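A short write-up of the structure that comes next.
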Amino acid sequence: MSDGRPVRIRYFAWLRERLGIGEEQIELPAGVATVNDLQLWLRQRGPAWDTVFAMSRTVRCAVNQQFAGPDVAVNPGDEVAFFPPVTGG
Amino acid sequence: MSDGRPVRIRYFAWLRERLGIGEEQIELPAGVATVNDLQLWLRQRGPAWDTVFAMSRTVRCAVNQQFAGPDVAVNPGDEVAFFPPVTGG
Amino acid sequence: MADVRIAAAAFDVGSEFAALTQSRTDIGGVGCFVGTVRGAAGGRALVALTLEHYPEMTERALAAIAAEAERRWDLLGCRLVHRVGRMVPGDPIVLVLAASAHRQSALEATAFLIDWLKTRAPFWKKESFADGTETWVDARESDDEAAAQWGADQAAIC
Amino acid sequence: MADVRIAAAAFDVGSEFAALTQSRTDIGGVGCFVGTVRGAAGGRALVALTLEHYPEMTERALAAIAAEAERRWDLLGCRLVHRVGRMVPGDPIVLVLAASAHRQSALEATAFLIDWLKTRAPFWKKESFADGTETWVDARESDDEAAAQWGADQAAIC
């Protein structure tokens with residue numbers, strides 16, 4: 001459910017490069033309540049989006065800067081990030 | 001058996017302090033062929049020597065700068081050292 | 001107590017060590033790990049390594065990792081420095097320091113910190129090769145296994 | 001390849017790290033341990049720690065310990081520095097550095113080196129307390145156990 005506040009979505013590393021976007025703000029779409037819902041919604045944007053998010057084993061997520069599994073809730077005002085498994089250190 | 005070359009004996013840490021000697025040179029005594037023989041011979045020097053070498057669990061030895069057990073041979077020209085368990089690092 | 005930092009410039013190991021230990025007489029041992037950029041990857045010559053990160057999340061993640069180490073071991077100091085941006089072979093990438101009264105805690109915490117840092121902090125490495133190609137580094141299963149040995153709570157990672 | 005040294009003066013961790021890693025692009029990780037003098041022992045204030053050693057044997061023992069680490073792990077560098085003489089609380093006593101292509105070898109070798117160094121190199125610590133008393137430090141069973149976990153060949157120690 002949207003209360004008017006946007007969701008900020010951020011993309012990192014090869015997701016950012018393949019999707020051609022580092023961040024965006026969207027109105028939370030109807031029916032999108034979790035990370036998994038949001039991924040399904042993003043996949044409908046076109047072939048590049050579908051391909052990237054189809055690699056579910058290699059796409060990780062954070063909600064409000066905390067690692068988040070597919071069932072974690074997404075609410076208006078949240079910041080959601082998608083990225084590959086981390087490779088620092 | 002002595003061929004005339006002395007054995008150099010060195011003492012470290014509390015052995016050195018209790019015995020009041022850091023090093024000495026001796027003619028290898030008759031019948032002394034191993035580290036254990038040498039310890040038994042040194043114990044006969046007096047009460048302080050007997051007490052220190054009676055603490056067999058806390059006296060370690062090196063022959064020619066290699067850690068050595070009681071059965072290691074001692075020969076003329078060797079350097080034998082007695083010291084407590086090491087506490088470096 | 002922990003001190004975590006993201007650095008764009010190279011750090012100096014001696015200065016970091018001094019900052020942790022200066023004027024301290026309670027510390028008995030300091031464990032340290034420094035990760036450095038290698039000049040080759042998969043047999044190909046590397047000219048640069050670029051570290052991308054998620055700025056708002058990174059320091060929070062490092063602080064959480066350090067806090068977990070302090071919860072598990074009796075540390076007297078803990079310091080994490082991680083570089084971002086472009087680096088060349090030989091450059092230091094990451095520094096872990098863990099101080100304790102005794103060596104075992106310091107060394108175990110050091111190993112723990114680098115294992116968790118590799119699997120729980122939002123950094124991504126891109127390799128630039130001498131032939132002009134660039135590749136994002138793949139996560140390694142061996143890193144996940146190393147992190148899992150500490151009883152990592154994998155539920156926190158999606 | 002290993003570099004071992006007995007030092008009468010304090011050493012600098014940054015300089016030792018630089019000496020090991022300078023101009024190297026094959027190293028991926030460096031493990032390090034630094035032991036320091038604590039300001040108290042058994043609840044009593046310590047004013048100094050004096051390290052005695054067996055000069056002719058010490059460097060040989062350190063070289064043997066480093067050689068064993070190089071035999072067990074694929075190291076790209078190994079450095080041991082141990083101080084002797086009088087030190088005060090906060091001073092560094094011992095430095096271990098082990099470099100490898102990968103972190104696990106570097107960290108394991110670091111732990112091995114300090115464990116063996118504590119049980120196989122001829123150093124003895126004497127503590128000088130604020131009340132004027134002096135005590136030779138007793139060897140600790142926990143150090144023997146730590147060393148034994150590496151499959152130490154105890155037959156070599158009498």
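Residue numbers start from 1 in every chain, and the chains themselves are labelled A, B, ... in the order their sequence lines are given, proteins ahead of strands. Predicted, not measured: the structure shown is a model, and the values here were computed from it.
Listed here is the closest heavy atom pair of Arg10(A) and Pro55(C): NH2-CD, 4.4 Å. Phe67(A) approaches Arg120(C) most closely through the heavy-atom pair CE1-O, 3.1 Å. Between Ala81(A) and Tyr54(C), the shortest heavy-atom distance links the atoms CB-CE1, 3.3 Å. Considering every non-hydrogen atom in both Val86(A) and Ala139(C), the closest pair reads O-CB, 4.0 Å. When all heavy atoms of Gly89(A) and Lys118(C) are compared, the closest pair comes out as C-NZ, 3.5 Å. Smallest separation of non-hydrogen atoms from Asp138(C) and Thr87(A): C-CG2, 3.8 Å.
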Working for side-chain contact (heavy atoms from CB on, under 4.5 Å), residues Arg60(C) and Gln66(A): CA-CA 9 Å; Arg60(C) 172 190 289 216; Gln66(A) 304 266 23; 3.5 Å; yes
Verdict with reasoning, Glu52(C) to Glu17(A), per side-chain contact (heavy atoms from CB on, under 4.5 Å): CA-CA 12 Å; Glu52(C) 180 170 332; Glu17(A) 289 184 347; 5.9 Å; no
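Of the two parts of Asp71(A), neither the backbone nor the side chain holds a non-hydrogen atom closer than 4.5 Å to a non-hydrogen atom of chain C. Only the side chain of Lys126(C) comes within contact range of chain A, with at least one heavy atom under 4.5 Å from a heavy atom of that chain.
In this structure, the side chains of His53(C) and Phe12(A) stay at 4.5 Å or more apart for every pair of heavy atoms.
Around the CG atom of Asp50(A), the shell of radius 6.0 Å holds more than 12 heavy atoms that belong to other residues, nucleotides or ligands. Remark: Glu141(C) CD is loosely packed, at most 12 non-hydrogen atoms of other residues, nucleotides or ligands lying under 6.0 Å away. Heavy atoms of other residues, nucleotides or ligands lying less than 6.0 angstrom from CD of Glu70(C) number more than 12.
With hydrogens and angles ignored, the 3.5 Å screen pairs no side-chain donor or acceptor of His82(C) with any backbone N or O of Gly88(A).
The structure places CG of Leu15(A) at 10.0 Å from CH2 of Trp136(C), a figure rounded to the nearest 0.5 Å. Note that CG of Asn64(A) and CE of Met57(C) are 10.5 Å apart. Values are rounded to the nearest 0.5 Å.
The only member of Phe83(A), Trp14(A), Tyr11(A) that meets ring pair (Phe, Tyr, Trp, His ring centres under 6.0 Å) when paired with Trp124(C) is Phe83(A).
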